[in-house]
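To keep things clear, I will list the structure first and then write my remarks on it.
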Number of protein chains: 2
Amino acid sequence: MLVTQKNQYALRAIFELAKYKGQGPVKIYEIAEAQNIPLRFLEVILSRLKRSGIVESKRGYTGGYKLIRDPMEITVADIFRFMDESLGPIECVACVSEKSNCPYQGQCAFFPMWQKVQDAIRDVFDKTTIHDLLEVDNSEGVHCCM
Amino acid sequence: MLVTQKNQYALRAIFELAKYKGQGPVKIYEIAEAQNIPLRFLEVILSRLKRSGIVESKRGYTGGYKLIRDPMEITVADIFRFMDESLGPIECVACVSEKSNCPYQGQCAFFPMWQKVQDAIRDVFDKTTIHDLLEVDNSEGVHCCM
DNA sequence: TACTTTCTCGATCGAATTAGTCGGGATTGA
DNA sequence: TCAATCCCGACTAATTCGATCGAGAAAGTA
């Protein structure tokens with residue numbers, strides 16, 4: 001899977017939080033229900049996102065999670081990076097995409113192609129913000145799975 | 001990993017066969033050595049590629065594998081498709097990229113993005129032929145892993 | 001015929017990654 | 001004090017992936 005479930009969950013959690021931006025904290029079980037994410041797993045995910053500073057939390061009765069940054073300033077790539085500690089490069093069997101690890105030092109027929117793919121993917125994720133996704137969500141015209 | 005080792009091996013095996021196109025069959029251990037692929041694993045891979053009709057084999061003393069189709073007519077995407085029985089779509093947690101499986105029938109904020117990524121990847125793999133890769137290999141200017 | 005080489009096929013194993021769970025603790029507000 | 005909620009690390013389960021193996025079938029060679 002190009003994007004792991006975990007990362008997709010993370011994205012959807014942030015997306016959900018963005019909906020309620022400016023309205024006080026959202027409880028984890030609300031996010032879990034709304035986005036159909038296993039609650040206990042979501043805990044793991046949110047605690048990671050919290051560490052990255054994109055999300056804030058509060059405990060107790062009035063507790064929950066809050067999105068700190070502006071949805072316009074958060075890209076999908078950001079989220080994946082926070083989750084993974086970097087949106088990893090394609091792992092070329094030969095190259096491992098690191099000059100130092102490449103057994104073909106200097107010449108590899110496939111590398112330029114891996115690069116292209118890499119860049120193409122990154123381009124989409126870098127250019128899509130949470131705000132963009134919310135807009136899609138609000139517009140009627142868009143249809144899923146077709 | 002976006003492209004599994006197995007698929008990368010497949011690509012490199014075909015690439016290797018393409019080099020000797022028109023020169024009689026290449027033995028499996030020659031391919032394995034040249035491309036540094038575990039021999040027994042390569043058996044599995046080639047037998048699959050054979051079933052897809054891109055490769056031909058002959059047994060016995062003078063045996064080996066031969067590429068049937070023209071390297072100009074084989075794209076990288078083809079190879080991955082043969083291996084996987086389709087270059088699968090991104091597996092969206094919610095959609096699974098099948099209209100019928102999508103719980104959000106009709107509305108999913110993320111789908112257009114998955115589509116874009118999908119298309120971007122496919123575009124590269126669809127447009128790169130084995131012939132292209134051979135050319136990269138022959139040109140001096142290209143450098144690997146940087 | 002007997003023998004060697006090479007491909008053929010299915011089963012299986014092991015390691016790594018990923019998904020998901022759990023128990024118990026710390027805060028916070030009522 | 002109590003209930004609700006987040007917090008944390010360890011743990012387990014499931015799946016995928018990479019790789020190996022044994023035995024057999026074709027093809028040429030002597």
Side-chain angles (χ1 to χ4, degrees), chain A residues 1-13 16-17 24-33 35-68 80 83-86 88 90-94 96, chain B residues 1-13 17 24-33 35-68 80 83-85 88 90-94 96:
Chain A
M1 202 156 16
L2 175 61
V3 179
T4 62
Q5 293 230 47
K6 194 175 179 183
N7 281 4
Q8 289 187 48
Y9 286 155
L11 175 58
R12 303 206 340 234
E16 192 62 23
L17 285 178
V26 183
K27 297 191 200 320
I28 198 169
Y29 67 78
E30 293 173 327
I31 304 171
E33 267 172 44
Q35 290 292 332
N36 206 17
I37 302 170
L39 194 138
R40 288 314 270 257
F41 197 26
L42 185 54
E43 281 185 1
V44 176
I45 292 163
L46 282 174
S47 86
R48 167 143 232 154
L49 288 171
K50 207 191 134 188
R51 249 176 292 147
S52 75
I54 199 181
V55 150
E56 211 174 54
S57 68
K58 199 186 159 192
R59 297 196 230 198
Y61 203 82
T62 59
Y65 288 89
K66 239 196 295 192
L67 188 60
I68 302 178
F80 294 159
M83 291 302 292
D84 295 346
E85 246 116 61
S86 98
I90 290 182
E91 297 190 37
C92 164
V93 168
V96 197
Chain B
M1 201 156 19
L2 173 61
V3 179
T4 61
Q5 293 229 49
K6 194 174 180 184
N7 281 5
Q8 289 187 46
Y9 286 155
L11 174 59
R12 303 206 339 234
L17 285 177
V26 183
K27 297 191 200 324
I28 197 169
Y29 67 78
E30 292 174 328
I31 304 171
E33 267 172 42
Q35 290 292 332
N36 205 18
I37 303 169
L39 193 137
R40 293 295 233 159
F41 197 27
L42 185 54
E43 282 182 0
V44 176
I45 292 164
L46 281 173
S47 86
R48 165 141 234 155
L49 288 171
K50 204 192 138 189
R51 250 176 292 147
S52 74
I54 199 183
V55 148
E56 210 174 54
S57 67
K58 199 186 157 192
R59 296 196 230 197
Y61 203 82
T62 59
Y65 288 89
K66 239 195 296 193
L67 188 61
I68 302 178
F80 294 160
M83 289 303 292
D84 295 345
E85 244 117 60
I90 289 182
E91 297 189 39
C92 164
V93 168
V96 197

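Here the structure is a predicted model, which is why all the values come from computation and not from measurement. Quick note: numbers below take in every heavy atom, side chains included, and nothing from hydrogens, waters or symmetry partners. Reminder, nothing fancy here: chain letters follow the sequence lines and each chain counts from 1.
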Contacts of A/A10 meeting side-chain contact (heavy atoms from CB on, under 4.5 Å) (sequence neighbours excluded), chain-then-number -> A/I45, A/L49, A/I79, A/M83
Using modelled atom types and a 3.5 Å cut-off, is there a donor and acceptor pairing between side-chain atoms of B/Q35 and backbone atoms of B/Y9? no
Interface polar pairs with nucleotides 14-19 of chain C, N/O, under 3.5 angstrom:
unit_1, atom_1, unit_2, atom_2, d
C/dA19, OP1, A/Q5, N, 2.8

Examine distances only and state if a side-chain atom of B/E33 and a backbone atom of B/E30 form a donor-acceptor pair shorter than 3.5 Å. no
Find the distance A/L42:CG to C/dT21:P and express it as a whole number of Å. 12 Å
Calculate the interatomic distance between A/E43 atom CD and C/dC22 atom P; express it in whole Å. 12 Å
Output all residues satisfying side chain to side chain donor-acceptor pair (under 3.5 Å) with A/K66, sequence neighbours left out; order by chain, then residue number. none
Strictly under 3.5 Å: I want the nitrogen or oxygen pairs between protein and nucleotides 27-30 of chain C, one per line.
unit_1, atom_1, unit_2, atom_2, d
C/dT27, O4', A/R59, NE, 3.4

Can you sort out the partners of B/S52 under side-chain contact (heavy atoms from CB on, under 4.5 Å), two or more places apart, ordered by chain and number? B/I54, B/F82
If I take atom NZ in residue B/K66 and atom C1' in nucleotide C/dT6, what distance separates them, rounded to the nearest angstrom? 15 Å
Results of salt bridge (Lys or Arg N to Asp or Glu O under 4.0 Å) for A/R40 - residues two or more places apart only: A/E43
Could you walk me through whether A/V26 and A/Y65 pass the side chain to side chain contact (heavy atoms under 4.5 Å, CB included) test, one step at a time? CA-CA 5 Å; A/V26 183; A/Y65 288 89; 5.5 Å; no
Can you name the closest pair of heavy atoms from A/L67 and A/L17 and give their distance? CB-CB, 4.1 Å
With sequence neighbours excluded, what pairs up with B/K58 under the side chain to side chain donor-acceptor pair (under 3.5 Å) test? B/T62
Describe, as an angle rounded to 10 degrees, how the axis at the first end of the helix from C/dT1-D/dA30 to C/dA30-D/dT1 is tilted relative to the axis at the last end, five pairs per end. 0°
Using a heavy-atom cut-off of 4.0 Å to chain A, what are the terminal contacting nucleotides of DNA chain D, in 5' to 3' order? D/dA4 to D/dC8
How is A/L46 classified with respect to the nucleic acid when contacts are heavy atoms under 4.0 Å: base, sugar-phosphate, or nothing? nothing
Just jot down the ring pair (Phe, Tyr, Trp, His ring centres under 6.0 Å) partners of B/Y29, sequence neighbours excluded, or say none. none
Might you point out which heavy atoms bring B/F41 and B/K6 nearest each other, and give the distance in Å? CZ-CG, 3.9 Å
Looking at A/Q8 and A/V3, what are the two nearest heavy atoms and their distance? NE2-O, 3.0 Å
Apply salt bridge (Lys or Arg N to Asp or Glu O under 4.0 Å) to A/E56 and list each qualifying residue two or more places apart in sequence or on a separate chain. none
